[in-house]
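Side chains are part of it too, since the values below use all heavy atoms of this structure and drop only hydrogens, waters and symmetry mates. Nothing here was measured: the structure is a model prediction, and the numbers come from that model. Order of listing sets the numbers, starting from 1, for every ligand and every atom in it. We count residues from 1, following the sequence as given.
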Amino acid sequence: MADSTHVVLTDSDNAKTSSLPVLRGSLGTPALDIGKLYKDTGYFTYDPGFVSTASCRSAITYIDGDEGVLLYRGYPIEQLAEKSSFLEVAYLLMNGELPSKAQFASFEHEVTHHTMMHEAFRTFLYGFRHDAHPMAMLTGMLGSLASFYHNELDLEDPEQRRLAAIRLIAKVPTIAAACYRYSIGWPIRYPRNNLEYTTRFLHMMKEVPSEPLNLPPIASKAMDLLFILHADHEQNASTSTVRLVGSTGANPYVSVAAGVAALWGPAHGGANEAVLKMLAEIGDVKNVQSAVDRAKNKESGFRLMGFGHRVYKNFDPRARIIREMTHKVLGELGVDDPLLEVAMRLEEAALKDDYFVQRKLYPNVDFYSGIIYKALGIPTEMFTVMFAIARTAGWVAHWLEQQNDPENKIGRPRQIYTGATPRDYVAFDARG
Ligand code: SDX
């Protein structure tokens, strides 16, 4: 397969053939260009969930699921986790290269000075029920951003595209923190420009007017690491959603709002919230084996949340890094969380169990992250919001890449129709 340039498909019934070009990237699995398949053979392809389907070419993130490799613009996630910062990773994802000192300073200054929300946002925010799920609020609030910038949405103008990306990266933490504070009846805090990105967000989340916030340095370090690890992940469901909405020419604010909506699902970004609920339900290490047994029984409908991945058939490299940080955070904060013990025993039991081994089901990015969020005092309902703040960097990078992609066209899949064949209308009195 190393040198094949085409794969020929032949219909054994009528000898119709289609010669499908082989497309290769710089790394990873080659793809067959099936653009001519329908014209040549009269067949569609069928791939629910797009398990074997590449939707685009992208230079942003590379994953090798078998080896457990994750690269952002070619840089291994382990090196970025150790040496970079989330804001620098956001720059890298958007621009393709690590910034010079001057480039980073200018990027940071620009993001810092776009963190404020229009005051009318409060009215909109205060219209939600106070107990609305923060992901419901975030989805609505991000979509409404388009209503504040409708005179700067000329998507033909690269500067307006870039500015929209900066505004999203800058404002999502402010909006996320505002949603949280509204839900607990606290006044909204304005972003403080003298703080760096992640520390600024934690202050907006947790600072109360009556006293200064005493934020242990490990809190910002752990949150910034989690933001780095969640920043992008090639064509996952929410990023593919952003691209599909973006492919219609819709503006980046509503495209990212659609991504937030997709992320909310428990099969995707909502899994971190579901993991904590599952660990709490298991409650004690003595119930671990029965949980593993339940997850193996299809009739139960129960899955081990935080386990398995469409692409990783090895350890999710992010899970390894988060697991290490979990022990550090709990140690430094002096938190003794029994759920961590449950999580570690669950991981141990599952990794030894044939059902999980055969299906290559390993802990994914969501398995441990919730334990860190909990130790940092982030409420469970806000876990997926944390994921959304980080993934905004990836979503805007993919949206920008798509806008410059000469192959970009409106996403419009076909189907296998299984409905009624043509039939005539039947009047009421003849319907029995
Ligand atoms: C994220 O795409 C991304 O990159 C996502 C993400 C990102 O950064 O954007 O990495 C973030 O979404 C991580 C995944 C978080 N979700 C969960 O932890 C929810 C629990 N896991 C799953 O439901 C599942 O593993 C998925 C959704 C993650 C992957 O599903 P697939 O690839 O469609 O696999 P599948 O549902 O076809 O499962 C294959 C088999 C099935 O058994 P068989 O039919 O072969 O007998 O594995 C079983 C499944 O029943 N299985 C599980 C399981 N996950 C899959 N069984 C028990 N527990 C699980 N968690």
Side-chain angles (χ1 to χ4, degrees), residues 47-55 58 60-66 68-72 77 81 89 93 135 226-243 259-279 282 288 290-322 343 346-347 349-351 353-371 383-384 386-395 397-398:
D47 184 15
F50 311 115
V51 177
S52 309
T53 296
S55 60
S58 178
I60 298 172
T61 291
Y62 174 70
I63 302 172
D64 180 331
D66 295 328
V69 168
L70 170 56
L71 309 176
Y72 287 167
I77 192 68
V89 163
L93 292 170
M135 283 297 279
L226 287 168
F227 282 171
I228 290 172
L229 298 176
H230 286 82
D232 192 50
H233 215 237
E234 59 136 275
Q235 305 309 320
N236 59 85
S238 53
T239 301
S240 297
T241 301
V242 170
R243 280 179 171 263
V260 174
L263 188 74
W264 194 1
H268 189 17
N272 54 20
E273 182 177 346
V275 166
L276 251 289
K277 286 185 179 139
M278 173 189 73
L279 293 175
I282 294 171
V288 160
S290 61
V292 171
D293 296 339
R294 250 181 83 209
K296 291 156 58 176
N297 167 11
K298 292 272 186 301
E299 273 71 60
S300 75
F302 171 72
R303 285 190 167 191
L304 288 189
M305 301 316 279
F307 264 82
H309 197 277
R310 172 62 59 75
V311 177
Y312 288 124
K313 301 308 171 191
N314 193 326
F315 243 92
D316 181 333
R318 302 167 296 176
R320 284 187 204 281
I321 298 167
I322 294 176
L346 191 60
E347 179 188 61
L351 292 182
D353 189 292
D354 238 10
Y355 173 96
F356 290 85
V357 172
Q358 273 167 16
R359 291 169 179 78
K360 300 185 177 182
L361 300 175
Y362 292 88
N364 59 47
V365 67
D366 293 303
F367 187 64
Y368 280 101
S369 50
I371 296 173
F383 288 4
T384 310
M386 302 300 110
F387 197 146
I389 292 171
R391 189 54 55 92
T392 296
W395 289 332
H398 281 272

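By the definition of a contact as any protein heavy atom under 4.0 Å away, atom 2 (O) of ligand 1 is in contact. Remark: atom 39 (C) of ligand 1 lies closer than 4.0 Å to no protein heavy atom.
Counting non-hydrogen atoms of neighbouring residues, nucleotides and ligands closer than 6.0 angstrom, the OH atom of Tyr355 exceeds 12 such neighbours.
Near Gly308, meaning under 4.0 Å from one of its heavy atoms, ligand 1 places the atoms 25 (O), 28 (C). Close approach of ligand 1 to Lys298 (heavy-atom distance below 4.0 Å) involves ligand atoms 42 (O), 43 (P), 44 (O), 46 (O), 50 (O). Residue Ala271 approaches ligand 1 through these ligand atoms, each under 4.0 Å from one of its heavy atoms: 15 (C), 16 (N), 17 (C), 18 (O). With ligand atoms numbered from 1 in the order given, ligand 1 contributes 12 (O), 14 (C), 15 (C), 16 (N), 27 (C) to contacts under 4.0 Å with heavy atoms of Ala267. Heavy-atom proximity to Ala295, at under 4.0 Å, picks out these atoms of ligand 1: 57 (C).
Arg391 pairs by the salt bridge (Lys or Arg N to Asp or Glu O under 4.0 Å) definition with nothing, not counting sequence neighbours.
At the top of the distance list for atom 60 (N) of ligand 1, counting protein heavy atoms only, stands Leu304 O, 2.8 Å. Of the protein's heavy atoms, His268 ND1, 3.8 Å lies nearest to atom 11 (C) of ligand 1. Regarding atom 13 (C) of ligand 1, its nearest protein heavy-atom neighbour is Asp366 OD2, 3.4 Å. Looking only at protein heavy atoms, the nearest one to atom 52 (C) of ligand 1 is Leu361 CD1, 3.5 Å. Scanning the protein heavy atoms around atom 21 (N) of ligand 1, the nearest turns out to be Phe307 O, 2.8 Å. Counting protein heavy atoms only, atom 37 (O) of ligand 1 is closest to Arg303 NH2, 4.9 Å. The protein heavy atom nearest to atom 31 (P) of ligand 1 is Arg310 NE, 3.6 Å. Nearest protein neighbour of atom 56 (N) of ligand 1, counting heavy atoms only, is Tyr355 OH, 3.1 Å.
Taking only nitrogen or oxygen atoms, main chain and side chain alike, Ala237 does not reach within less than 3.5 Å of ligand 1. Of the N or O atoms in Gly306, one or more lie within a sub-3.5 Å distance of an N or O in ligand 1. For ligand 1, the polar-atom distance check against Arg391 finds a nitrogen or oxygen pair separated by under 3.5 Å.
Here the side chain of Asp64 pairs no donor or acceptor atom with the backbone of Tyr62 at under 3.5 angstrom. At distances below 3.5 Å, not a single donor-acceptor pair connects side-chain atoms of Thr241 with backbone N or O atoms of Gly259.
At a 4.0 Å heavy-atom cut-off, ligand 1 does not touch Gln358 at all. If you look at Asn364 next to ligand 1, the close heavy atoms, those under 4.0 Å, all belong to the side chain. Counting heavy atoms under 4.0 Å from ligand 1, residue Pro266 touches it through the backbone alone. With a 4.0 Å heavy-atom cut-off, ligand 1 is reached by no atom of His230.
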query: Yes or no on side-chain contact (heavy atoms from CB on, under 4.5 Å) for Ile77 and Leu71, after CA distance, side-chain angles and deciding distance?
result: CA-CA 6 Å; Ile77 192 68; Leu71 309 176; over 6 Å; no
query: Given Ser290 and Asp293, is the side chain to side chain donor-acceptor pair (under 3.5 Å) satisfied, shown in steps?
result: CA-CA 5 Å; Ser290 61; Asp293 296 339; over 6 Å; no
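Note that the CZ atom of Phe383 and the CG atom of Asn272 stand 7.0 Å from one another [nearest 0.5 Å]. In this structure, the separation between CE on Met278 and CD1 on Ile282 is 5.0 Å, given to the nearest 0.5 Å.
Side-chain contact annotation: Glu347 with Tyr368, donor-acceptor N/O pair under 3.5 Å present.
Scanning all heavy atoms of the two residues, the minimum distance from Ser300 to Arg294 falls at OG-O, 2.8 Å. Here the closest non-hydrogen pair linking Asp316 and Pro363 is CB-O, 3.5 Å. The two residues Asp366 and Val275 have their closest heavy-atom pair at O-CG2, 3.6 Å. The two atoms that bring Ile371 and Ala343 nearest to each other are CD1-CB, 3.8 Å, heavy atoms only.
Relative orientation of the His309 and His233 rings is perpendicular, given thresholds of 30° and 60° on the angle between their planes.
The residue among His309, Met305, Arg318, Lys313 with a heavy atom at the shortest distance from atom 8 (O) of ligand 1 is Arg318.
For the pair Glu234 and ligand 1, no heavy-atom separation below 4.0 Å is found. Ligand 1 lies nowhere less than 4.0 angstrom from a heavy atom belonging to Gly49.
The six-membered or imidazole ring of Phe367 lies near that of Phe307, with a centre-to-centre distance under 6.0 Å.
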